[in-house]
Structure formats: structure tokens, C-alpha cells
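Order of the sequence lines sets the chain letters (A, B, ...), proteins ahead of strands, with each chain counted from 1.
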Amino acid sequence: MSATTLDQLVSLAKRRGFIFAGSEIYGGLQGTFDYGPLGVELKNNLKQAWWRANVYERDDMEGLDSAILMNRTVWHYSGHEETFVDELVDCLTCKGRFRADRLRDGTCLLNRTLQPGQCAGQLTEPRPFNLMFRTQVGPIADDDSYAYLRPETAQGIFVNFANVLTTTSRKLPFGIAQIGKAFRNEITPRNFIFRVREFEQMEIEYFVRPGEEDAWHERWLQDRLAWWQSIGLSRDNLQIYPVPRDELAHYSKATYDLMYRYPIGFEELEGIASRTDYDLGSHTKDQANLNIQARVAPNQHSVARLSYYDQERREHIVPFVIEPSAGVDRGVLALLTEAYAEQQVKPLSNERQQAVLDALTTFRKSIDRNDQLPAEQRDRLLARTSEIIAALPDSLPQVAGLLDLPGAERIPVGKKLRGQVEPALDEAFRTVLHLKPALAPIKVAVLPLKRNQAEIVALAQQIRTQLQRGSNLRTVYDDTGSIGKLYRRQDEIGTPFCITVDFDSLGRGDDTSMKDTVTVRERDTMQQERVPISELPTYLTERIR
RNA sequence: GCGGGAGUAGCUCAGUCGGUAGAGCAUCUGCUUCCCAAGCAGAGGGUCGCGAGUUCGAGUCUCGUCUCCCGCUCCA
């Protein structure tokens, strides 16, 4: 089971320190999020896994980290100044929002049921709606001293194409990989970290000979699909969406979107675009002599020839580009969605179960009696409630999803239902993140079985210190609760292994042969194994790779 | 930006007829506990989204405003 509502993830993320709303104490800033102590680890692990697979484990890739601020001319020739900056007006009559350049005489043209002119006078003033953020460069704020925050990392790669080529002696095909921040002034940031104004991309620009792009496009699609699965996303939750021709971005010949089944439905996780020679062709000098196939604007500014000299054919060619471009934040969200589970770990007491059942029954009656709900919503709610009642107690975590359905907020007893379900979940369920160990923010937690036993505590802390220093495993020590509580706490943040130090570890148990051994408890199975302290680094490293 | 819903402690929620804010969980401390939410005692944490107005007195009534959530445009 994975997360069924975004709220479950938002709540966990905030509660345990993965992700916070940006600038929270001042009311927030829409479309920004801060990664907390655990979130930064998870995100770093994701980026590291990507870098390892795409740079270290391949022979045809170089890395790059280009500046966020770039000469404005970059965005002129990339096409972004034209396609990312719109003057928009709103029509107060027909509620439409239009590009000012599509209007004639201040009239709403797009509402075709009206004659042009009928909306006139109801339009707001044209306002520049700039999908690129502008910022001041230099101390003097005049009209020309501005730059954009990059809306994609890709252009940093294209403008460095010649630099990388000459310094690495690469032959086609080869790629350049980059991870970095990008900024878009989205009209409506929404859905937690899914659509935000400041985000991070993991991008590859892969350069191939013209004519070979389609084969490489297919290959990259399969590569990327396999990679996402290798870090834990299940194939069932991934979809390939070939973007229809009329929806393609201005640079693209063909694009596959890799869609993931988020709680909000299937949405794009990564785009794999075939960009032809549009980008290098746009940024290069000497365009006329390079047989560029894409339609590019004449470039009078570039001082570099962004081409590849083909020794065999003795000619300069402009490579075609395949671009697998993934969202880091969307990756994090996908990982959390996939990993999240609420599992029953012990039976529910009778009173609790009865209380929940009563609350559900009351809820169902209340829906049934409510005549203000659209029939469709009502039927859906009734059906879902009945399903949950039938599948109790396993279905208990699904109540969150039920209360998230459209219309549910109009049923007042929904709050009471939530109030009954919560303690039941607390009592008998655990929340667990089934993250791949390599991605887990914390790899190992060292726990004393009893915190008021000085010797146990001392040994546990000693083991923690050894693991921290002697291995690359992020290790924490925790003694702020009973052992069961500590396990649950680690489950919730996805820690794959807990090490428990007990009396046997000290040689003070019934079986003295267990001296210098500890219990290692595995997150998913909750199984325990006795391991000699000296073997811990090897034991753990093998299982966390 | 428009339409619909909601803002009270970290979370989920109470808060009656207007009378200076409560519970459970979470967090922290102490005691206790020989492997899966224990328990007990205590502590911290809220200008009730914000700003006006009405009133002797506003979480509660009125107006404005902001933010968030759901639908319309965007796409990593």
C-alpha cells in the first residue's frame, strides 16, 4: 500500500522534519518549500543515486554545474523570452485570462460565443505575466541591468557544450549531466512540492548524430524507466505518456512523459524530450554553414561554433539532443508516496473497534440523509464508506482518503469520525516508510533496551560512535522512549535497521555467549537477528547498498 | 484572477446565550519498564490567520484582508 492522500504525506513530512512550507513564520511564500533534517538527506540520497547511475556508472557522460544567473541573451536565443513572458489580461465578464497580444481593440476574442466587443470594457489592464523571475545584476537598477533566474538547467549545458567537448575529447554520442535549481513564476503553485516556483532538476543533455535521435530517444526512455524502478518505484505506478504533437514545447520534436501515480493521480515525474539540433543550432555562430535542421532564429551574438567535427566525413555537424529531465522534488514526492504505508501491527481492542464502527455507521447515515450533496458525490461517499466498514480493521487507514473525497467536508460528523479513527490508528497501526535502504535518511538507529542502565547506554553510544566514524552509514542514537516507541519512530522515517543493546550484550544475560552481540531489527519484516558487534559494519553495509 | 470550502497548541479537534482558552495525541524532564503505542508524576507550547468595527467585554457578532484546500490556464 502506498499513500492515498497528499495530506498523509504533508503531515508526515512536517511532523518528522522532511519538508516544511517556506518562510512559514511569516505566513509562507507560495510555491516554496524548505527541506528539513530528514528531507535534505532523502533528497541528497536521491540526487546521489541519479548521479551515480548516470555519471559514474556510464562511460559516455560528463558532469556539470553551471550558474543560475546567465547572460540574458541565452534566454533570448533559447526561445524562453518569447514563450515564457506573456502580457495577460483578465476578462471580468467571461472570466477568461488571455494573452494581450491575442486581443484586438481590448476585446475578448476567445469567447467565441460572443461577438467581439461584447466583453469590451470589462478587461483588466494588461499585466506582464513573466514565467521567468527577473533579478537585478550590479548595484545600479537601470532597465538593462537585469538577469533571469534560469527556468531550466538545460541551457547551462548547451552554452558549455564547446567547453566540455574541447576539455574532454568526447566522441559522439555522449552526454552532459547536471543537477541544479530552476525557477518558474508559476501562475498557480499547488499540490505540495509537486508544482513549485523554486525547484530542482536532474537533467541530461545527450548528444547524438543526426538521424540517430529516435533510437536514442527510445533507449533513454527505457533507461530512465528502469532507473526509477531501481530506486523503488513500482512499474504499476509508472506510465509512459507520448506527448501529442500539438502539446509539444517549442524545442521538441517528440516527448515522452514519465508519469507517476501520485495521490493526486498520474502526473509527470520526468520528461524525455527529443530536442533536435534546436538548442545548439540556436546558440551557435556561423549558422549558415552548419546545415541546421531545426528552425532557429539568426544568431548575431554567439562567439562559439557549437558543432562537432566529424573526422570520418570531414565536416562539422550540429548534434541532435535527447533530454531526460527529471524533477528532484517530484522524485522525492514519488518516493514518499510509494514508500508510505500504515500497517496493522496488533489487534484492535473491542471498544476501539466498536467506536470506529459506530462513527462510520453514523457517518454513512449522515451522508444518506444529506440532500444538499450532488448525487454523484453522495453515492461515491456511501459506497466508499460501506467498503471501508466491510474491510475493517485493515481498511482503517483509508478513512483519511474517505474524508478527503469531494463532498466529505460537508458532513459535520466527519470530524468526529476522524477523532475516533486516530486513536485506533495510534493503538494498533504503525506508519512505515518502505524506502530503499540506500535512500533512507537515517540508515541505522542505535537504541538502548533500557535507558536507565548506565552500562547499556554507554555501550550503545559507543557503538553509535563507531558506526558514525567507521562507516559511511548515517547513524543516530535515541533513548527518549520505550523500545517499542523507538522502533515505531524509526519506522516512520524509514530507518532500515535498528540496533538494540541489551543485558545479553553486556554478558549479563542468561546466555553469556551473547556477550558483545546486539539485536538487529529490520524495518519491513520487523524480524530480529543477533549480530556480533564487531561484524556490524560489514553486516549493515552489505544490506544497505 | 474567478467560483466553492476552510483557518483555535506541532497534529486531530472541543469551545454553550459574547464574560480574558480546553482535551487527546505529540514534544521535553524525572520515576518505572528485559524487545515493538506501557504506566505514573510534572513541564513547555496559543496575541484563537491578520486588521478594523459594534460592545463595559469578541475565539464567538459585522466588515475588510491574507493564507491554504478543491475546480479553470502551466508542466520538472
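Stacking between A/Phe503 and B/rC34 is shown: the ring centroid lies under 5.5 Å from the centre of the six-membered base ring, and the planes differ by under 30°.
Distance check on atom C1': B/rG45 versus B/rC40 gives 22 Å, rounded to whole Å. The same atom, P, is picked in B/rC11 and in B/rA52; the two are 26 Å apart, to the nearest Å. For the P atom pair drawn from B/rC70 and B/rG15, the interatomic distance equals 27 Å after rounding to whole Å. Taking the C1' atom of each, B/rC36 and B/rA23 are spaced 28 Å apart, rounded to whole Å. Nucleotides B/rA9 and B/rG22, compared at atom P, are 14 Å apart to the nearest Å. Atom name P, nucleotides B/rC63 and B/rU54: the rounded distance is 15 Å, in whole Å. Comparing B/rA58 with B/rG53, their P atoms sit 11 Å apart, to the nearest whole Å. To the nearest whole angstrom, the two C1' atoms, one in B/rC48 and one in B/rC66, are 16 Å apart.
In this structure, A/Asn191 reaches the B/rC70 phosphate: one of its side-chain N or O atoms is under 4.0 Å from OP1 or OP2.
For B/rC25, the base has no donor-acceptor partner in the side chain of A/Glu422 [N/O atoms by modelled type, under 3.5 angstrom]. The base of B/rC35 lies close enough to the side chain of A/Asp502 for a donor and an acceptor atom to sit less than 3.5 Å apart. Evaluation of atom-type donor-acceptor distances gives no pair under 3.5 Å for the side chain of A/Arg184 against the base of B/rC75.
Counting any heavy atom pair closer than 4.0 Å across all strands shown, A/Met526 reaches a base atom. Residue contacts shown for A/Gln201 are limited to sugar-phosphate atoms, with no base heavy atom under 4.0 Å away. Counting non-hydrogen atoms under 4.0 angstrom, A/Ser11 reaches nothing in the nucleic acid. When heavy atoms are screened at a 4.0 angstrom cut-off, A/Arg523 is found touching no nucleic acid atom at all. Nucleic acid contact for A/Lys14: sugar-phosphate only, since backbone atoms but no base atoms lie under 4.0 Å from a heavy atom of the residue. Among the heavy atoms of the strands lying under 4.0 Å from A/Glu270 are primed sugar atoms or P, OP1, OP2 only; no base atom is included. Using a 4.0 Å heavy-atom cutoff across all strands shown, A/Glu152 reaches no nucleic acid atom at all. Contacts of A/Asn452 with the nucleic acid, taken as non-hydrogen atoms under 4.0 Å apart, include base atoms. Among the heavy atoms of the strands, none lies under 4.0 Å from A/Leu486. A/Phe429 comes within 4.0 angstrom of no nucleic acid atom, judged by non-hydrogen atoms across all strands. Counting any heavy atom pair closer than 4.0 Å across all strands shown, A/Arg195 reaches a base atom. Here A/Lys485 lies in heavy-atom contact (under 4.0 Å) with sugar-phosphate atoms only.
Put simply, CZ on A/Phe192 is 16 Å from C1' on B/rA76, counting in whole angstrom units. Rounded to a whole Å, the CZ atom of A/Arg451 is 10 Å from the C1' atom of B/rC28. Spacing between atom CZ of A/Phe20 and atom P of B/rG10 amounts to 13 Å, rounded to whole angstrom units. Across the protein-nucleic acid pair, A/Ile499 atom CD1 and B/rC36 atom P stand 19 Å apart, rounded to whole Å. Rounded to whole angstrom, the span from the CZ atom of A/Phe33 across to the P atom of B/rU67 amounts to 14 Å. Protein atom CD1 of A/Ile204 is 15 Å distant from nucleotide atom P of B/rA76, rounded to whole Å. Protein atom CZ of A/Phe199 is 11 Å distant from nucleotide atom C1' of B/rC74, rounded to whole Å.
Taking the nucleotide of RNA chain B with the nearest heavy atom to each of A/Glu203 and A/Arg352, the more 5' of the two is matched to A/Arg352. Summary of the strand contacts: A/Asp426 and A/Arg418 both lie near RNA chain B, and taking for each the nucleotide with the nearest heavy atom, the more 5' one is attributed to A/Arg418.
Aromatic ring centroids of A/Tyr262 and A/Tyr260 lie under 6.0 Å apart.
Pairing partner, B/rC72: B/rG1, with both Watson-Crick or wobble hydrogen-bond distances short of 3.5 Å. If you check B/rG22 for Watson-Crick or wobble pairing at under 3.5 angstrom, you find it paired to B/rC13.
No donor-acceptor pair closer than 3.5 Å links the side chain of A/Arg464 to the backbone N or O of A/Leu447.
There is a side-chain donor-acceptor pair under 3.5 Å between A/Thr519 and A/Arg530.
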